[in-house]
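Everything below concerns the one structure shown next.
Just so it is clear, the structure is predicted and the values come from calculations on it, not from any experiment. Just so it is clear, the values below take in all heavy atoms, side chains as well, and ignore hydrogens, waters and symmetry mates.
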Amino acid sequence: MSYVGKDNRELVSALISAIWSGSWFVSSRIFKYFRDNGLEYAVIFLITATLYTFGVFWYYQLIKEYEREKVAGKL
């Protein structure tokens with residue numbers, strides 16, 4: 001929450017909770033679709049690992065940009 005302003009913390013927290021809860025439903029539907037179409041569990045796991053890796057990289061870039069703007073005095 002240190003990356004959002006004080007006025008936006010409640011809204012961001014609510015959005016994160018909604019996305020987190022919704023992601024469980026969506027991911028279970030995607031998993032069912034993959035399994036129904038004959039995809040092996042190992043392949044689904046590798047897809048998931050790839051998506052997590054992409055997400056970690058994206059967050060790293062986001063935080064790096066935030067820190068750069070903070071040092072530059074733009075925030």
field: salt bridge (Lys or Arg N to Asp or Glu O under 4.0 Å) contacts in which one or both residues fall within residues 36-59, not counting sequence neighbours
entry: K32-D36
- request: Name all pairs fulfilling the ring pair (Phe, Tyr, Trp, His ring centres under 6.0 Å) condition that reach into residues 21-43, sequence neighbours left out, sorted by first residue then second.
  value: W20-W24
field: For R68, all residues meeting salt bridge (charged side-chain N to carboxylate O under 4.0 Å, His left out), sequence neighbours excluded
entry: E65
Interatomic distance, I47 atom CD1 to L39 atom CG [nearest 0.5 angstrom]: 5.5 Å
field: Value rounded to 0.5 Å, distance of CG in L15 from CG in L11
entry: 4.5 Å
- prompt: Between I30 and L46, is there a shared hydrophobic cluster once you connect ILVMFWY residues whose side-chain heavy atoms come closer than 4.5 Å?
  reply: no
statement: Residue set satisfying side chain to side chain contact (heavy atoms under 4.5 Å, CB included) with S27, at least two apart, ordered chain then number -> none
- request: Look at the side chain of T53 and the backbone N and O of A49, then say whether any donor-acceptor pair between them is shorter than 3.5 Å.
  value: yes
field: Audit row: K64, E67, side chain to side chain contact (heavy atoms under 4.5 Å, CB included) steps and yes/no
entry: CA-CA 5 Å; K64 193 167 84 173; E67 294 295 330; 5.9 Å; no
- request: Tell me who clusters with Y59, hydrophobic residues only, linked when side chains sit under 4.5 Å apart either directly or through other members.
  value: W58, L62
